[in-house]
Amino acid sequence: MQRSDVPDLERCPECAGRIRENNAERLCEQCGLICTEDRIDPGPEWRSFDDTNESQRRTGAPLTRSRHDRGLSTEIGYGSSSRLTGRKRRQMHRLRREHNRARIPTKADRNRVYGFTEIRSLIGHLSLPRSVQEQACSLYTSAQKANLFQGRSLEGFAAASIYAVCRILSIPRTVEEIVHEAKATTNELKAAYDALNRELGLPVGPIDPTQYLPRFASKLDLDTSIERHAKQSVQRLLENRLIGGRNPCGVAAGCLYAAAQHLETSVSITQADAANVADVTPATVRSTVDLLGECPMN
Amino acid sequence: MELDRTLRRDISREYFSKERLAEHHYRSFNSFLNRGMQEVVDEKATIETDIGDKEGEEPVHVELGDVRVVTPRVREADGSEELLYPQEARLRNITYSAPVFMEMSIVKGEEGDQRVVDSTETKIGRMPIMVGSEKCNIAGFSDQELIEIGEDPADPGGYFIVNGSERVLMTSEDLAPNKILAEYDTKYGDEIQVAKTFSQRRGYRALVLCERTRDGLLEVSFPSVSGSINFVTLVRALGLESDEEIVHKVSNDPEVVKYMLENLEEADVQTKEEAIETLGKRVASGQGKNYQLKRANYVIDRYLLPHLHEDGVEEEDVRINKAHYLCRMAEACFELALNRRESDDKDHYANKRLKVSGDLMRDLFRTALNKLARDVKYQLERANMRNRQLSVNTVVRSDVLTERLEHPIATGNWVGGRSGVSQLVDRTDFMGVLSHLRRLRSPLSRSQPHFEARDLHATQWGRICPSETPEGPNCGLVKNFAQAMELSQHVEDEQELKRELASMGVEGIPGLESIARTTADD
């Protein structure tokens, strides 16, 4: 449950907050501690002017995990000077076509291309950051290398990789949400995720209900004070070990509902509203509220 | 008459008001959002797929419907979505863009027996929104409200915010399309007369040239045909057959008629069929005869003077109009040869058109939509091959359109190979911003002299500032609007204009269903 359990992900050494990078330094989003500074400027070392058509670039784009060939491929272009004519042009056209075919040499590569396209489309639909795409693609590749694809669906693995990365990075996205945009069905996703989790040992623990709070609060149009109060309630439940086995979405919604009631602001939400945004039944919300009642306030 | 001092002050205050300073930008962008986008989608109308080419498979295509843009919003990594205001976009280095939705339906089955498999309005991507436009979240805010959300009430807007940087689209000054320009040229040391038209329709631009060579013969050249074609041959192929008709359509002037008769004497074809055959030999030499004819007809309807095409007009009428248009070009050449007219002035402001942000975004949206359509086609074919259920949501990848729209604005590398179209808004001071938003750029290369193009032209009076232009290589090529400049927009509905022209006695306008003639005694 502790956040610091999650390896692979850099946390602030002082407060374990998330680390953000900009051009010159890497800093903690929470306490503002600067972890590293004065890095090498990765930008171009030349200036380009409007009139010069020649690019002064000497390298290509950086290597990426999100392409089946890691972005390292050549393309037969059309040349900058005179256009080819007649036989030569037809020959180049044939060469170009054959070259493009040869870019995907094996069936495994083709499956990777297919999976990566699906991942890219999902990332776009879900508005997830690029880093998630990179990680999901590399997870997909690992699954392929571990021979997990046999008998399971590629679409399922594409969706499951994204879900897994969201879990690893503590990004609160639900299975339903991903399935809604994906080509895969819930069963395909679950089968693939189980395989990933079992065979590759994903560094994930139970979901912390607090992750869902900001999102539900903004959907329900609730004040930050209510959100803060709900967060304390969740913490209290966690400390008393009362959450085990409950749907984290339902717990978050219940705490928000209870907090809104408790603070008695002008905005009053119903249990049905809270249940609706969390995609759970009102009964789930109610049970959390009851649980909060049992649990004494400090 | 001398104006009262206070009146003068009032007038200049009106002209300097915030609404007017970048008005051309958001007026153009608004009309793009309101009409332009839908027009581009309607041009595309359907996405065809290769599904159904195989035996025993039903063909599938996608029909595109209404397109809709909402106001800018941001979706956080945790999935919550909130309205986005410009200042937040600037500070968080994100793009001020709004989701675009489009109705799409997947249709399965042969002609006559079609059924819709899936029909939904789906998010196709994100469109960067101009600050201050109708779809901007700050539209209609009072000064106090603007201050509360961190906006400057004096900021004129008219730019985009992409990845946190403010980008303004440079207005570009192009030669007017669809207009005959007559001028002298030299070929092999001899002076010849040329009539030029940049014919433009739906983003496709074709240069049509009509030359009078040194031996007095007229030749036409247009894209997809290498070299040039005899004028008489082309006009005959378009349906003007008899000698008399051709001469009459060019001019009634005896001297021009004489020139025209010389041309007709040299003509090597007499009928429409022969003419199309000859054209076929030029456009598809070495191919079968049937294919040659097909290709010739295709080239005429597709590449020759595309701007004369219009929805709902018979191909036959369009061809006759094309013939008439070529005759006007011929007349211009002859008149130039006879010194009846002077060559047209390319620097005259009547021969210029300005491309403002809306027009540029339209070009961008068209190519982005084509790219999206190609991707949808591919995804559909893939899904079909893997025996998946075909659904709109899963075949549309929203990052395709978004990337195609954002990347050019972020880098300035526009479609069609133009660069430097978008520039970082000059925030040196407030005046810098105002000047930058009202700047326009000529596409002429700055490394060449182009003395005439750089000169101040009399027709720029009241439109272009006579003194504000940079020193150095860009002198006279980069200009700024005059304060009182008003930019007119193109008409929404040309039908009304045509009806008016028809009622004034213009004959042969195609595409007019009914011309209600009002008689004098009515």
Side-chain angles (χ1 to χ4, degrees), chain A residues 18 20 22-23 48-53 55 85 110-111 113-114 117-133 153-155 158-159 165-166 169-174 176-185 188 210-221 277, chain B residues 73-83 92-95 97 99 122-126 164 170 226 372 375-376 378-379 382-383 385-391 393-403 411-413 417-421 423 441 443-448 473-474 477-478:
Chain A
R18 206 185 292 194
R20 189 180 49 165
N22 64 22
N23 282 337
S48 60
F49 298 95
D50 284 354
D51 273 7
T52 50
N53 284 325
S55 168
T85 48
R110 188 169 299 280
N111 284 345
V113 172
Y114 183 72
T117 323
E118 172 70 1
I119 288 177
R120 222 171 103 186
S121 126
L122 272 173
I123 294 282
H125 278 296
L126 296 165
S127 315
L128 288 165
R130 272 202 70 92
S131 57
V132 175
Q133 185 188 349
S153 91
L154 295 181
E155 290 87 354
V165 171
C166 286
L169 298 179
S170 313
I171 298 170
R173 291 300 173 94
T174 58
E176 291 76 33
E177 225 184 312
I178 292 173
V179 167
H180 181 72
E181 308 287 353
K183 281 185 184 148
T185 62
E188 284 173 337
T210 43
Q211 285 172 18
Y212 292 110
L213 290 175
R215 182 172 163 198
F216 293 165
S218 83
K219 263 194 192 165
L220 289 166
D221 225 353
V277 293
Chain B
R73 49 206 65 200
V74 57
R75 193 154 179 214
E76 309 291 353
D78 70 1
S80 58
E81 196 172 63
E82 274 171 80
L83 282 191
R92 288 181 55 192
N93 283 351
I94 51 180
T95 303
S97 61
T122 183
K123 183 185 158 191
I124 56 167
R126 305 175 69 84
M170 274 289 115
S226 57
L372 179 83
D375 191 68
V376 166
Y378 175 76
Q379 295 291 337
R382 265 325 276 253
M385 217 150 67
R386 295 177 64 86
N387 285 324
R388 288 262 159 188
Q389 184 80 37
L390 301 183
S391 81
N393 263 334
T394 51
V395 294
V396 177
R397 271 170 51 196
S398 65
D399 55 325
V400 180
L401 190 90
T402 313
E403 221 160 80
T411 60
N413 298 327
R418 276 170 296 166
S419 64
V421 174
Q423 297 182 349
R441 216 176 51 145
L444 292 170
S445 166
R446 55 181 175 187
S447 53
Q448 272 162 6
N474 267 329
L477 295 179
V478 171

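In what follows, chains carry the letters A, B, and so on, assigned in the order in which the sequence lines appear, proteins first and then strands, with residues in each chain numbered from 1. No experiment lies behind these values; they were computed from the predicted model shown.
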Give the member of A:Ser121, A:Pro129, A:Gly124 that has the highest number of heavy-atom pairs under 4.5 Å with chain B. A:Ser121

Measuring heavy-atom distances to chain B, does A:Glu118 have an atom under 4.5 Å in its side chain, in its backbone, in both, or in neither? neither

If you count heavy-atom pairs under 4.5 Å between each of B:Arg382, B:Glu82, B:Lys123 and chain A, which one has the most? B:Arg382

Report which part of A:Ser153 has an atom under 4.5 Å of a heavy atom belonging to chain B: side chain, backbone, both, or neither. side chain

Take B:Thr394 and A:Glu155 through the side chain to side chain contact (heavy atoms under 4.5 Å, CB included) test and state the conclusion after the steps. CA-CA 11 Å; B:Thr394 51; A:Glu155 290 87 354; over 6 Å; no

Portion of A:Ala182 that has a non-hydrogen atom of chain B nearer than 4.5 angstrom: backbone

Where does A:Pro172 contact chain B at under 4.5 Å (heavy atoms): side chain, backbone, both or neither? both

Please say whether more than 12 non-hydrogen atoms of neighbouring residues, nucleotides or ligands are located less than 6.0 Å from CD in A:Glu176. yes

So CZ of B:Arg397 and CD1 of A:Ile123: to nearest 0.5 Å the spacing works out to 12.0 Å

Based on non-hydrogen pairs under 4.5 Å, which of A:Thr174, A:Leu126, A:Val132 is most in contact with chain B? A:Leu126

Interchain contact, A:Lys183 with chain B, by part (heavy-atom threshold 4.5 Å): both

So CD of B:Glu81 and CZ of A:Arg215: to nearest 0.5 Å the spacing works out to 11.0 Å

Is it the backbone or the side chain of B:Glu76 that comes under 4.5 Å from a heavy atom of chain A, or both, or neither? backbone

Of all heavy-atom pairs linking A:Thr117 and B:Gln379, the shortest is CG2-NE2, 3.4 Å

Given A:Arg120, A:Gln133, A:His125, the one that forms side chain to side chain contact (heavy atoms under 4.5 Å, CB included) with B:Asp399: A:Arg120

